[in-house]
Undergrad: 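Below is a structure I'd like to ask you about.
Source: prediction; values computed, not measured. Values below: every heavy atom of this structure, side chains too, minus hydrogens, waters and symmetry copies. Residue numbers count from 1 along this sequence. Numbering of ligands and ligand atoms starts at 1, following listing order.
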Amino acid sequence: MILVLLGPPGSGKGTQAKKLVTLKSWPQLSTGDMLRSAIKQGSKLGLEAKAYMDKGSLVPDAVVVGLIGERILLQDCKTGFILDGFPRTISQAESLDQMLASVHRKVDRAVLFRIEDSELVRRLSGRRTCIKCGSMYHIENALPKSGGVCDQCGSKEIVQRDDDFPEIIEKRLMVYHQQTAPLVEFYKKQAKLRSVEAARLPDQVAQALHACLIG
Ligand code: AMP
């Protein structure tokens, strides 16, 4: 199955994608993670992308389309994959359809994560991220078990991501409503859209997401 997870930043797409990866054999393709990894490596692409990401803007379509275009051809994507954070514009969605059509494939389903902006601001502003492995924590209810040490990789570098500061969060939400939300209609027209109520506990969202994959 080729699955698109659609929803604003902080709606839990990444968390649910990771849960699905452990259940199914489909990899999680997160353009945000790919770009952060390029930044960490100090590549030219990473440096270019950072300027956009730090402002809360979208990285140009050609950059992310190029990244995804190469990634979906790899062997581990043969039986399916989960797109997390891509596409984010109509133009990206059209490019995705074209790339898939050229290898006789198509998006099977898009699932929208429904959630209020006020809840997203609470989630994102309290979010803390492990620089080393990307594990996420929250200052209100999900701190690492032992002080500032990452539960997953033992790193002590758990920080607030540059784009999780209030002004940037506001910008990212505005960008979502202007540029990404139109994808809801795009996938509705193709009769591929389902949706889940995302302001719930991760296990409850996971259950709803499974139902979307079957029905
Ligand atoms: P995320 O981790 O998915 O919230 O992405 C973090 C940032 O990476 C976004 O705010 C954008 O600047 C950039 N980004 C990630 N995915 C895309 C995409 N599909 N198109 C453009 N920019 C993206």
Undergrad: Could you state the interatomic distance from CD (E94) to CD (Q92), rounded to the nearest 0.5 Å?
TA: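 If I round to the nearest 0.5 Å, the distance is 11.0 Å.
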Undergrad: Got the residues with a heavy atom under 4.0 Å of ligand 1, by chain and number?
TA: T31, G32, L35, R36, M53, S57, L58, V59, V64, G85, F86, R88, Q92, R161, D163, R172
Undergrad: Both conditions, 6.0 Å and 45 degrees, for the charged tip of K188 above the ring of F186: are they met here?
TA: no
Undergrad: Among side-chain atoms of D84 and Q16, is any donor-acceptor pair under 3.5 angstrom?
TA: no
Undergrad: Quick one: CD1 on I158 to CG on L143, what's the gap to the nearest 0.5 Å?
TA: 9.0 Å
Undergrad: Judged by modelled atom types alone, do R114 and S195 share a side-chain donor-acceptor pair under 3.5 Å?
TA: yes
Undergrad: Could you check R123, K171, R127, R122 and say which one makes a salt bridge (Lys or Arg N to Asp or Glu O under 4.0 Å) with D164?
TA: R127
